[in-house]
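Atom set for the values below is all heavy atoms of this structure, side chains included, hydrogens, waters and symmetry mates excluded.
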Amino acid sequence: METVMEEEEYNWREVKLHSLIPIVPEPELERETGERRRGRDILIAIDHGPNSKHAFDWTVTHLCRLADTLHLVHAVSSFRNEIVYEATQALMEKLAVEAFEVAMVKTVARIVEGNAGKVICKEAERLKPSAVVMGTRGRGLIQSVLQGSVGEYCFHNCKVAPVIIVPGEEAGESSVI
């Protein structure tokens with residue numbers, strides 16, 4: 001079990017992912033280091049819902065390229081709930097293996113404590129990814145405005161990367177291409 005890292009009331013835990021996924025060595029050539037390194041960083045906000053899995057599948061299928069790195073982020077209200085942490089760790093391991101099998105991309109996972117929208121935006125500021133991808137519950141406009149929406153919050157507050165909100169499977173494949 002790793003220690004909880006704290007910085008400015010921002011708690012997070014790295015997730016150790018499946019050992020069968022090979023570790024990609026650092027670039028050997030000088031031109032592949034620094035700003036010109038191969039691949040992109042793509043942040044995916046995940047939870048245990050089907051729309052989150054659909055957004056992950058869409059990202060791996062339509063957005064990922066060889067040498068990209070997927071950053072899986074899951075927001076939890078508290079680290080004290082070990083059952084949630086272990087379930088999330090198992091989900092992230094499964095997704096990491098799937099991402100490698102489908103698109104041959106490296107995956108890094110992090111569980112962050114706090115409000116989901118704020119956590120996702122903070123992680124985007126830290127990583128400066130090429131894109132932030134998340135699913136949506138498919139609520140209507142009025143319901144989203146009244147109850148609030150993590151996707152809407154991120155859309156308005158993530159300034160470092162484009163936010164891609166993938167509709168649920170019931171919207172059909174034509175809405176996500």
J.: Walk me through it: do Ser52 and His74 pass the test side-chain hydrogen bond (donor to acceptor under 3.5 Å, both in side chains)?
T.: CA-CA 10 Å; Ser52 174; His74 179 69; over 6 Å; no

J.: Check Val160 against Ala124 and note the closest heavy-atom contact, atom names and distance.
T.: CG2-O, 3.2 Å

J.: Establish whether Val15 and Val108 are linked, either directly or via other cluster members, by ILVMFWY side-chain heavy-atom contacts under 4.5 Å.
T.: no

J.: List the steps, then state whether side chain to side chain contact (heavy atoms under 4.5 Å, CB included) holds for Leu70 with Cys64.
T.: CA-CA 8 Å; Leu70 288 181; Cys64 286; 3.5 Å; yes

J.: What distance separates Thr136 OG1 from Ile165 CD1, expressed to the nearest 0.5 Å?
T.: 6.5 Å

J.: Would you call Glu98 and Lys53 a salt bridge, taking side-chain N to carboxylate O under 4.0 Å as the test?
T.: yes

J.: We want to know whether Asp41 and His71 form a side-chain donor-acceptor pair, criterion being a heavy-atom distance below 3.5 angstrom.
T.: yes

J.: Hey, are Arg126 and Glu123 close enough for a salt bridge, meaning a charged N less than 4.0 Å from a carboxylate O?
T.: yes

J.: Report yes if the side chains of Glu93 and Gln89 come closer than 4.5 Å at any heavy-atom pair, otherwise no.
T.: yes

J.: How about Phe56 and Val60: do any of their side-chain heavy atoms sit closer than 4.5 Å?
T.: yes

J.: For Arg65 versus Asp68, what's the shortest heavy-atom pair and its separation?
T.: N-OD2, 2.8 Å

J.: Could you pull out the closest heavy-atom pair between Trp58 and Val166, with the gap in Å?
T.: CE3-CG2, 3.7 Å

J.: For Met104, which fellow cluster members are found when Ile, Leu, Val, Met, Phe, Trp and Tyr are connected by side-chain heavy-atom distances below 4.5 angstrom, either directly or through intermediates?
T.: Leu66

J.: Go through Ile164 and Leu63 one step at a time and tell me if the side chain to side chain contact (heavy atoms under 4.5 Å, CB included) criterion holds.
T.: CA-CA 11 Å; Ile164 301 170; Leu63 194 60; 4.1 Å; yes

J.: Contact between Phe100 and Thr107 at the side-chain level, heavy atoms closer than 4.5 Å - yes or no?
T.: no

J.: Would Thr69 and Val105 count as a side chain to side chain contact (heavy atoms under 4.5 Å, CB included) here? Give the steps.
T.: CA-CA 6 Å; Thr69 301; Val105 294; over 6 Å; no

J.: When hydrophobic residues are tied together by side-chain contacts of less than 4.5 Å, even through go-betweens, does Val102 share a cluster with Ile46?
T.: yes

J.: Could you tell me which residues satisfy side chain to side chain contact (heavy atoms under 4.5 Å, CB included) with Ala45, sequence neighbours excluded, listed by chain and number?
T.: Ile120, Met134

J.: Determine whether more than 12 heavy atoms belonging to other residues, nucleotides or ligands lie under 6.0 Å from atom CZ of Phe155.
T.: no

J.: Run the side chain to side chain contact (heavy atoms under 4.5 Å, CB included) check on Tyr153 and Cys158 step by step: do they pass?
T.: CA-CA 8 Å; Tyr153 179 88; Cys158 281; over 6 Å; no

J.: Considering non-hydrogen atoms only, spot the tightest contact between Ala55 and Gly135 and give its length.
T.: CB-N, 3.6 Å

J.: What is the minimum heavy-atom distance between Val73 and Val112, and which atoms define it?
T.: CG1-CG2, 4.1 Å

J.: Tell me whether Lys128 contacts the main-chain N or O of Glu125 through its side chain, where contact means a donor paired with an acceptor under 3.5 Å.
T.: yes

J.: Could you see if Leu72 belongs to whatever hydrophobic cluster contains Val84? Use Ile, Leu, Val, Met, Phe, Trp, Tyr and a side-chain cutoff under 4.5 Å.
T.: yes

J.: Any heavy-atom pair between the side chains of Pro129 and Arg40 that's under 4.5 Å?
T.: no

J.: Got a second to check how far Cys121's SG is from His156's NE2, nearest 0.5 Å?
T.: 11.0 Å

J.: Work out which heavy atom in Arg110 is nearest to a heavy atom in Met92; give both atom names and the distance.
T.: O-CE, 3.5 Å

J.: Nearest 0.5 angstrom please: Asp57 CG to Leu95 CG, how far?
T.: 8.0 Å

